[in-house]
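Following: one structure in structure tokens, then a few remarks.
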Amino acid sequence: MPGLAIVGAQWGDEGKGKVTDLLAEQADVVIRFQGGNNAGHTIVRGDEVYRLHLIPSGILYPGKLCLIGNGVVVDPKVITSELDELRRRGVDTGGLRISANAHIIMPYHLLLDSEGETKLGKLQIGTTRRGIGPCYADKAARLGIRMQDLLDEKILRQKIYAALEPKRQLLRPFAKDPSIDLHAMTEEYRTLGHRLEPYIADTQRIVWDALDRNGMVVFEGAQGTLLDIDHGTYPFVTSSNPVAGAACVGAGVGPKDIDEVWGIAKAYVTRVGAGPFPTELEGELGDRIREAGGEFGTTTGRPRRCGWLDLVGLRYAVRLNGLTGLAITKLDVLTGIDPLCVATEYSGPEGATFSEFPYHQSILHKSTGIYTELPGWQEDITGARSLEDLPQTAREYIEYIEEFLGVPVVLVGVGPGRDQMIWTEAARRLQQAAA
Ligand code: GDP
Ligand code: IMO
Ligand code: MG
């Protein structure tokens, strides 16, 4: 599998970090290609829990080349503290490289993100308030500051000045805030630049070299397909493209460099923040899944909204990403719930039904799932290591998803631990074919 993209197939938090960590063992390079520290990727190794926001999930393998691609937005303060924390825990971070072209989240982006949300009031998106949207907006407006700009004081000052000018009005309430004073900012970010300089590199060339050597490159997505700024539930989305196509742009490779695309989906669905969610469970069952699955945000600690598995949304994700494999995580969380429901269609306004994901916002807001009931199981499945170890009904649940979507299930998660994963025959076949 020379080029393998890992993408979220729902609204994020599907377990991309865990899957990337597992695949990173065989990989030569792991690269993040979009998003920023709005992401929270959890890796559990024995008693140790690592929560990564910017650094790719391959970093726990000493010396592994872990790249932050040009498509990522980097908060230099967050990445330095993430580096410090990993080092404190004895992790070798020598393999980290950050694209010189990656854009930087500045203090005014954080202020604008929070201010924008506050102003939206009841209409707010529920962003992570990490400055992601305003930073990508500046990138598109060509007012962005990039990693390479941190290395030259004169350029840095000029660019900060140019970025601040059109925002004067918006930033008026913060006029006295020392964190956005031009001179103080230039000095502070120059110092951060000094610290990060050893990591700044031409990341796309590193990826090309690995691919030329027939090495394996894992493209680690953040967020999820339904949070995609083009294809997701706009405007309740993030400001980047979490779909697989963005791996090309955000890492600097061509479509043919990506051989496999694995979509990660929970055996149910969660969403953090506002926006439509056709299969949402608001009552006791939703609470039960939240408790059993520990569904509280890795980045903001917010309780995640929970709901039944949505096969309409997943089929949309299969198509948008060109998925070649599907990883179903957190199957263990559904133990004891009987029957289980999966949405195979939506019921929309005025009695309309939809078998495809509706593009119209007002329809989606009023849609709810039409469900097929499947039998549950009571047995503890956290020790299962092959499909045969699962109770018949759990196997049938996986087979139902596989048949409905027409995509092989490659991995099934039965617990947060590294070893709590079933690798299916399909995963082995794909790996052998690639080798
Ligand atoms: P990501 O953002 O896609 O990397 O996912 P998060 O790390 O935000 O959230 C996934 C959570 O589920 C993490 O706490 C993982 O440790 C946990 N997790 C991953 N796979 C499984 C699984 O199969 N079963 C259970 N119970 N937990 C899992
Ligand atoms: P990972 O990589 C889940 C959501 C926010 C909000 C919307 C916009 O851990 O799966 P933003 O701060 O990006 O402008 O917020 O997107 N969101 C996520 N939800 N997982 C994530 O990342 C997310 N990153 C952003 O909650 O609804
Ligand atoms: Mg997460």
Side-chain angles (χ1 to χ4, degrees), residues 6-22 32 34-45 48-54 56-57 72-73 75 105 109-110 112-114 116-117 124-137 220-229 232-240 242 263-277 289 291-305 327-335 380-382 384 411-422:
I6 299 298
V7 294
Q10 296 161 328
W11 276 289
D13 302 325
E14 300 92 345
K16 300 174 291 293
K18 176 179 168 178
V19 173
T20 303
D21 169 55
L22 288 173
R32 275 272 311 264
Q34 47 68 237
N37 59 306
N38 47 350
H41 296 180
T42 316
I43 303 171
V44 180
R45 293 261 184 116
E48 294 281 320
V49 180
Y50 299 87
R51 292 187 179 87
L52 301 169
H53 299 286
L54 273 167
S57 303
V72 175
V73 288
D75 185 327
I105 299 179
H109 293 137
L110 297 173
L112 292 173
D113 196 357
S114 285
E117 283 286 90
Q124 66 178 244
I125 294 157
T127 74
T128 58
R129 301 194 178 210
R130 299 297 191 263
I132 307 296
C135 182
Y136 276 115
E220 179 184 10
Q223 290 79 54
T225 302
L226 300 177
L227 286 171
D228 186 279
I229 189 161
T233 50
Y234 193 90
F236 300 97
V237 293
T238 191
S239 298
S240 68
I264 319 300
K266 280 178 189 163
Y268 48 96
V269 181
T270 63
R271 171 163 208 174
V272 209
F277 184 172
I289 293 177
E291 287 306 319
E295 297 297 356
F296 297 88
T298 311
T299 301
T300 55
R302 289 177 288 176
R304 295 174 181 151
R305 299 155 65 191
I328 302 290
T329 60
K330 305 189 98 161
L331 189 67
D332 52 301
V333 174
L334 297 182
T335 297
D380 177 0
I381 61 167
T382 54
L411 301 170
V412 180
V414 292
R418 264 197 114 233
D419 58 328
Q420 290 181 301
M421 189 66 103
I422 295 172

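What you see is a predicted model, and the numbers here were worked out from it, not measured in a lab. When a ligand or atom number is given, it counts from 1 through the structure's own listing order.
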Listed protein N/O/S atoms, distance to the Mg ion (ligand 3) under 2.8 Å: Asp13 OD1, Gly40 O
Identity of the nearest option to atom 6 (C) of ligand 2, non-hydrogen atoms only, from Cys135, Gly126, Gly273: Gly126
Within-cut-off N or O pair, Gly415 and ligand 1, under 3.5 Å: yes
Short N or O distance, Lys16 and ligand 1, threshold 3.5 Å exclusive: yes
Nitrogen or oxygen atoms of Gln223 and ligand 2 under 3.5 Å apart: yes
Contacting atoms of ligand 2, where contact means under 4.0 angstrom from a heavy atom of Trp11: 3 (C), 19 (N)
Side chains of Ser57 and Glu220, donor plus acceptor under 3.5 Å: yes
Heavy-atom nearest neighbour in the protein, as seen from atom 18 (C) of ligand 2, with distance rounded to 0.1 Å: Leu227 CD1, 3.6 Å
Between Thr300 and Arg302, a side-chain donor and acceptor under 3.5 Å: yes
His41, any N or O under 3.5 Å of ligand 2 N or O: yes
Protein residue, atom and distance nearest to atom 13 (O) of ligand 2, heavy-atom basis: Thr238 OG1, 2.6 Å
Asp13 N/O to ligand 1 N/O under 3.5 Å: yes
Option with minimal heavy-atom separation from atom 10 (O) of ligand 2, where the choices are Lys16, Glu14, Arg302: Lys16
Side chain, backbone, both or neither: Asp332 near ligand 1, heavy atoms under 4.0 Å: side chain
Thr42 N/O under 3.5 Å from ligand 1 N/O: yes
Any N or O of Arg129 closer than 3.5 Å to N or O of ligand 2: no
Between Thr270 and Asp13: side-chain donor-acceptor atoms closer than 3.5 Å: no
Protein heavy atom at shortest distance from atom 11 (C) of ligand 1: Lys330 NZ, 3.6 Å
Under 3.5 Å: N/O of Gly40 near N/O of ligand 1: yes
Contact atoms of ligand 1, heavy-atom distance to Val414 under 4.0 Å: 23 (O)
Flag side-chain contact, heavy atom, 4.5 Å: Arg418 against Leu22: yes
Numbered atoms of ligand 1 (with element) below 4.0 Å of Arg304, judged on heavy atoms: 8 (O), 9 (O)
Proximal atoms of ligand 1 relative to Gly17 (non-hydrogen, under 4.0 Å): 4 (O)
Per-atom contacts, ligand 2 versus Ala39 - under 4.0 Å to a heavy atom: 1 (P), 2 (O), 9 (O), 22 (O)
For ligand 1, the portion of His41 having any non-hydrogen atom under 4.0 Å away: both
Side chain, backbone, both or neither: Phe236 near ligand 2, heavy atoms under 4.0 Å: neither
Nearest protein heavy atom with distance in Å, relative to atom 20 (N) of ligand 2: Asp13 OD1, 3.2 Å
Test of proximity, Ile132 against ligand 2: N or O pairs below 3.5 Å: no
Nearest non-hydrogen protein atom, atom 27 (O) of ligand 2: Val272 O, 3.1 Å
Interfacing atoms of ligand 1 (cut-off 4.0 Å, heavy-atom, Gly413): 23 (O)
Ligand 2 contact on Thr300 by region, counting heavy-atom pairs under 4.0 Å: neither
For atom 12 (O) of ligand 2, the protein heavy atom that lies nearest, with its residue and separation: Thr128 OG1, 2.5 Å
Geometric N/O contact Val44 with ligand 1, under 3.5 angstrom: no
